[in-house]
Amino acid sequence: MPISRRSIEPGHAAFETRALTKTYGEGEAAVHALRGVDLTIPAGEFVVLLGPSGSGKSTLLNIIGGLDRGTEGQAFFGEAELSAMSDRQLTQYRRDHVGFVFQFYNLMPSLTAAENVELVTEIARDPMEPAEALSLVGLKERLHHFPAQLSGGEQQRVAIARAVAKRPTVLLCDEPTGALDSTTGREVLRVLADVNEQMGTTVLIVTHAAATGAMADRVIHFSDGAIREVVVNTTKTPPEEIDW
Ligand code: ADP
Ligand code: MG
């Protein structure tokens, strides 16, 4: 059963987790990556989840993105319970609703920018044209370039175009600026802010770069597998003014 978009209108939660845990391994070797996470991410917001390396950020992102499962507790996308879905339902959820952006762009080196985007739009229900998606990220002059002919920041923008071309409900970004210098990183953050503002896509960035929090609606401080503090920003700093 496809998940309806109606259950996640603005003002409602895009994501919620309840007492979510994730333990890798068993006994003395067990690693408690998540220790009972109660998370709420309102639909339409730009959210930054901040925490040191090894604190469980990627684990949490992967579970709400349907790439992995928690050990105990629940995870919801709107009113749909991810933790109760079959593998097939999770695959369909990812395909229909989730765009992923990772630190390393994972572009196919033998395909042009447009072809890399097209690879994903071929299996989407109501995709944008690759040219439209690339134009949204400021790359309409680079459609026929191969990844090797693009800078790191441009490659990441192709990866963002690929993620947004299927018009996902949520965009989940794991250290999206982790491999970029500060100027290029700001450009990538600008593109993510534009996607949030222009398409209404809920955006979650997980990062250890604390300065990124200034551009968010909501900053979730995370450490040792748990939420420590949630700060709702009354004003947002444009990415161009973020001090790295
Ligand atoms: P972060 O993204 O904040 O750096 P992670 O979610 O990647 O943190 O990792 C949280 C903890 O879980 C770390 O101690 C890490 O070593 C451990 N971990 C992550 N993935 C696995 C795995 N597949 N198997 C075992 N331990 C893992
Ligand atoms: Mg990580």
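Heads up: numbering here begins at 1 and tracks the sequence. For ligands, and for the atoms within them, numbers begin at 1 and follow the listed sequence. Side chains are part of it too, since the values below use all heavy atoms of this structure and drop only hydrogens, waters and symmetry mates.
Summary of contacts: the protein heavy atom closest to atom 7 (O) of ligand 1 is Ser58 CB, 3.8 Å. Closest to atom 24 (N) of ligand 1 among all protein heavy atoms lies Tyr24 CD2, 3.5 Å.
Each of Val31, Thr59, Val37 was checked for a side chain to side chain contact (heavy atoms under 4.5 Å, CB included) with Lys22, and the lone residue meeting it is Thr59.
The atoms of ligand 1 that sit less than 4.0 Å from any heavy atom of Ala33 are 10 (C), 11 (C), 12 (O). The Ser55 neighbourhood of ligand 1 comprises atoms 1 (P), 3 (O), 8 (O), with distances under 4.0 Å to a heavy atom of that residue. Each of the following atoms of ligand 1 lies closer than 4.0 Å to a heavy atom of Pro52: 3 (O). Distances below 4.0 Å separate heavy atoms of Val31 from the following atoms of ligand 1: 12 (O), 14 (O), 17 (C).
In summary, no N, O or S atom of Ser53 is located under 2.8 Å from the Mg ion (ligand 2).
Separating the OG1 atom in Thr201 from the CG atom in Leu172 is a distance of 11.0 Å, to the nearest 0.5 Å.
In this structure, Lys140 places its NZ atom where only 12 or fewer heavy-atom neighbours from other residues, nucleotides or ligands lie under 6.0 Å away. The 12-atom threshold is exceeded at CD of Gln149, counting heavy atoms of other residues, nucleotides or ligands nearer than 6.0 Å. Residue Glu229 qualifies as enclosed at atom CD: its count of foreign heavy atoms under 6.0 Å is above 12.
The pair Asp174-Lys57 does not count as a salt bridge, with every side-chain nitrogen at least 4.0 angstrom from each carboxylate oxygen.
Inside a 4.0 Å radius of atom 1 (P) of ligand 1 there is at least one protein heavy atom. Atom 21 (C) of ligand 1 lies below 4.0 Å from at least one non-hydrogen atom of the protein.
Residue Ser53 places a heavy atom less than 4.0 Å from ligand 1.
The option from Gly54, Ala30, Gly25 that lies nearest to atom 11 (C) of ligand 1, judged by heavy atoms, is Gly54. If you check each of Thr59, Leu50, Leu60 against atom 5 (P) of ligand 1, the one with the closest non-hydrogen atom is Thr59.
Between the side chain of Asn62 and the backbone N or O of Leu67, no donor-acceptor pair lies under 3.5 Å.
Here's the thing with Gly56: one of its N/O atoms is less than 3.5 angstrom from an N/O atom of ligand 1.
Annotation: Phe76 is not in aromatic contact with Phe15 [ring centroid separation under 6.0 Å not met].
For the pair Leu34 and Leu20, the tightest heavy-atom approach, listed with the atom from each and the gap, is CB-O, 3.8 Å.
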